[in-house]
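Working notes, beginning with the structure itself.
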Amino acid sequence: FPSHDTCIKPINVQFPPTADFNPSITSGCSPLTVTLNNASVNADPNFYEWKRGNTTISTSNSPSFTFNNNGSSNDTIRIKLIAQTTFGCKDSITKTIVVFPNPVAAISANTLPSCNPSPISFLNASTGAVSYAWDFDDGNTSILPNPIHQFTNNSNQIRTFNVRLIARNIANCTDTTFLPVLVYPDQNFTITTNVDSGCTPLTVNFPSFPGVVSYQWEFGDAQSSTIASPQHTYTNLTNSTIDYQCRGIFINAFGCRDTVFKTIRVKPLPAVAFSSNNTFICSPDTLVFTNSSTNASRFVWYFGDGDSLLINNTNSVEHIYTNNGTAAQDYEVILRAYNSDSCYSEQVKTITVYPKVLSRFSIDTVMCSPYSAFTDNRSINGNKYYWYLNNSLIDSAQNRNFNITNISNTDQNYDIKLQVISLFGCVSDTTIRVRVLPEPTAALITDLSSGCQPLEINITNQSTSNIVTGK
């Protein structure tokens with residue numbers, strides 16, 4: 001039989017690798033950051049090779065890359081993954097990533113600051129964009145390619161508005177640029193005063209304004225001022241209302257100027273005047289006041305003693321003054337005249353009222369002749385005293401004794417008057433009438449003057465002055 005031999009050798013056959021990966025994003029705007037998530041199977045984790053074209057860019061398991069596209073068209077990037085086993089078995093896969101270019105945002109405009117800025121025309125110099133978003137930094141926006149915008153600065157400082165333009169291309173990629181715009185404060189003032197109309201003299205307080213460094217006030221009555229908050233008094237000496245046109249010229253720290261006008265209306269006053277029939281009187285007395293005011297329709301009298309009177313005409317008025325004291329009393333009489341605008345003028349006069357003087361005395365009013373009686377002077381506020389008998393001055397003493405003899409056969413009446421004069425020359429008279437009876441005369445005659453008893457005598461009464469009784 002032929003001889004034979006057997007040799008057995010083991011052979012290790014490995015499964016081939018399967019290369020695969022999943023980009024975290026397959027397209028996007030530059031710069032585009034992509035993570036290449038390795039999904040290979042049956043490969044040695046130490047044997048991965050990532051290529052872009054012919055250039056190895058990584059040997060990591062799942063690397064990340066940032067791709068830039070500075071051009072104007074899409075950039076398609078081919079990424080190849082080579083997966084290998086330990087024994088050198090290989091597999092590869094290639095995938096593409098598209099990087100879109102960005103637009104370039106650009107603005108040009110005349111943005112020189114000015115006091116009264118005109119609307120600014122913005123020139124869009126962007127490239128590679130199909131839409132635009134403007135933000136003017138004042139709450140306003142626009143989507144126009146070349147917008148026109150008016151800025152307003154209501155503060156008292158220069159304000160910078162950072163205008164933003166976002167340019168967007170067809171792939172929704174954007175670029176942003178900013179343009180600062182300087183705007184001076186808007187000089188737009190309104191003059192607000194404490195009053196803008198009233199009766200002459202009218203005092204008006206004018207304001208100051210933040211940021212203003214120069215003031216020129218022209219009050220409309222040929223008067224002016226250069227201070228910040230002037231006070232000015234307007235007058236109207238006519239019979240009709242006057243409108244004064246005030247002008248303010250204001251300049252801020254940036255040289256910007258604003259001119260503002262304000263109307264001040266000044267109403268006239270009535271012409272008040274009155275007189276009285278006297279200015280010094282003795283209490284009590286009635287004064288007559290004559291009203292000679294003009295251009296007035298309503299009057300209020302204040303008599304100085306707490307009494308007042310409102311009337312709507314210029315008729316004369318009367319008022320009774322009394323002074324029950326011992327010293328002279330001054331009263332300020334005021335006439336206030338109002339016109340149809342409720343503007344008023346007033347005049348003041350002083351009336352002096354002297355204390356009341358009172359003549360008063362007592363004396364017997366009926367007595368037989370010879371009449372003799374002493375006066376009891378009870379006068380008030382007297383300084384001088386004059387006694388009269390039947391209008392004939394007989395004495396100037398404070399008190400005196402009156403002696404009167406009635407030599408007639410009938411009752412006689414006599415007037416006793418006391419005139420009292422005060423320190424201020426005020427006079428008071430009091431008269432008392434007294435009746436003086438005639439002095440009786442007793443007389444008789446008899447038919448006999450002697451004889452023997454029993455003696456009968458006839459007696460005849462010859463007494464005078466109305467004797468009604470006798471013994």
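The structure displayed is predicted, hence computed values, not measured ones. Just so it is clear, the values below take in all heavy atoms, side chains as well, and ignore hydrogens, waters and symmetry mates.
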**Asked** Would D221 and H232 satisfy side chain to side chain donor-acceptor pair (under 3.5 Å), going step by step from the backbone distance to the final call?
**Response** CA-CA 10 Å; D221 58 356; H232 185 67; 2.7 Å; yes
Between the side chains of [X] and [Y], does any donor sit under 3.5 Å from an acceptor?
{"X": "N315", "Y": "N313", "answer": "yes"}
{"X": "T350", "Y": "E332", "answer": "no"}
{"X": "S359", "Y": "S428", "answer": "no"}
{"X": "T203", "Y": "T233", "answer": "yes"}
{"X": "T33", "Y": "T66", "answer": "yes"}
{"X": "N383", "Y": "S422", "answer": "no"}
{"X": "S126", "Y": "N124", "answer": "yes"}
{"X": "Q412", "Y": "T410", "answer": "yes"}

*asked:* Test side chain to side chain donor-acceptor pair (under 3.5 Å) on E318 and T286; report intermediate values, then the result.
replied: CA-CA 6 Å; E318 296 182 356; T286 299; 5.6 Å; no
For C246, the disulfide bond (SG atoms under 2.5 Å apart) test, sequence neighbours excluded, returns none
Just wondering, more than 12 heavy atoms not from [X] lying within 6.0 Å of its [atom1]?
{"X": "I320", "atom1": "CD1", "value": "no"}
{"X": "I457", "atom1": "CD1", "value": "yes"}
{"X": "I143", "atom1": "CD1", "value": "no"}
{"X": "N413", "atom1": "CG", "value": "yes"}
{"X": "K356", "atom1": "NZ", "value": "no"}

Nearest non-hydrogen partners of [X] and [Y], listed with the distance:
{"X": "N236", "Y": "P268", "value": "ND2-N, 3.5 Å"}
{"X": "P23", "Y": "I97", "value": "CB-CD1, 4.2 Å"}
{"X": "V99", "Y": "S30", "value": "CG1-CB, 3.7 Å"}
{"X": "Q347", "Y": "F274", "value": "OE1-N, 2.9 Å"}
{"X": "N188", "Y": "D258", "value": "CA-OD2, 3.4 Å"}
{"X": "A327", "Y": "N323", "value": "O-ND2, 2.8 Å"}

Check: Yes or no on side-chain contact (heavy atoms from CB on, under 4.5 Å) for Y302 and V333, after CA distance, side-chain angles and deciding distance?
Finding: CA-CA 6 Å; Y302 300 93; V333 180; over 6 Å; no
> So, are D376 and R378 salt-bridged, with charged N and O less than 4.0 Å apart?
Replying inline: yes
Once rounded to the nearest 0.5 Å, what's the spacing between atom [atom1] of [X] and atom [atom2] of [Y]?
{"X": "W387", "Y": "I416", "atom1": "CH2", "atom2": "CD1", "value": "8.0 Å"}
{"X": "Y234", "Y": "Y244", "atom1": "OH", "atom2": "OH", "value": "8.5 Å"}
{"X": "T326", "Y": "N324", "atom1": "OG1", "atom2": "CG", "value": "11.0 Å"}
{"X": "W134", "Y": "L179", "atom1": "CH2", "atom2": "CG", "value": "8.0 Å"}
{"X": "I311", "Y": "N291", "atom1": "CD1", "atom2": "CG", "value": "6.5 Å"}
{"X": "N377", "Y": "I363", "atom1": "CG", "atom2": "CD1", "value": "11.0 Å"}

Beyond-backbone contact of [X] with [Y], side-chain heavy atoms, under 4.5 angstrom:
{"X": "F424", "Y": "C282", "result": "no"}
{"X": "Y338", "Y": "F299", "result": "no"}
{"X": "F100", "Y": "N69", "result": "no"}
{"X": "Y321", "Y": "I281", "result": "yes"}
{"X": "Q216", "Y": "S224", "result": "yes"}
{"X": "P438", "Y": "D411", "result": "yes"}
{"X": "N74", "Y": "P101", "result": "yes"}
{"X": "R257", "Y": "I249", "result": "yes"}

Please walk me through it: do F122 and Y132 pass ring-ring contact (aromatic ring centres under 6.0 Å, His included)?
CA-CA 12 Å; F122 291 94; Y132 309 94; over 10 Å; no
Intermediate values then yes/no, side-chain contact (heavy atoms from CB on, under 4.5 Å), H319 and L287: CA-CA 5 Å; H319 188 67; L287 281 183; 5.6 Å; no
Taking the side chain from [X] and the backbone from [Y], do they hold a donor-acceptor pair closer than 3.5 Å?
{"X": "S293", "Y": "A273", "answer": "yes"}
{"X": "N339", "Y": "A296", "answer": "no"}
{"X": "S369", "Y": "N406", "answer": "yes"}
{"X": "S142", "Y": "L144", "answer": "yes"}
{"X": "D137", "Y": "N162", "answer": "yes"}
{"X": "N277", "Y": "V288", "answer": "yes"}
{"X": "S276", "Y": "N278", "answer": "yes"}
{"X": "T241", "Y": "K267", "answer": "no"}
{"X": "D138", "Y": "N140", "answer": "yes"}

Exactly one of I264, D196, I191, V266 clears side chain to side chain contact (heavy atoms under 4.5 Å, CB included) with V204, and that residue is I264
The side chain to side chain contact (heavy atoms under 4.5 Å, CB included) partner of F206 among N194, T193, T192 is T193
### Message
Would you call the rings of W217 and F219 parallel, tilted or perpendicular, taking 30° and 60° as the class edges?
### Response
parallel
For R265, the salt bridge (Lys or Arg N to Asp or Glu O under 4.0 Å) test, sequence neighbours excluded, returns D243
Which is it for I432 and T365 under the side-chain contact (heavy atoms from CB on, under 4.5 Å) test, yes or no, and what are the steps along the way? CA-CA 8 Å; I432 296 178; T365 57; 3.9 Å; yes
* R400 to F402, cation-pi by 6.0 Å centre distance and 45° axis angle -> yes
For Y344, is the NZ or CZ atom of R336 found under 6.0 angstrom from the centre of its six-membered ring and inside 45 degrees of the ring axis?
-> yes
Task: Between F189 and F250, ring centroids under 6.0 Å - done: yes
I'd like to know whether the aromatic ring centres of F303 and Y331 sit less than 6.0 Å apart in this structure. no
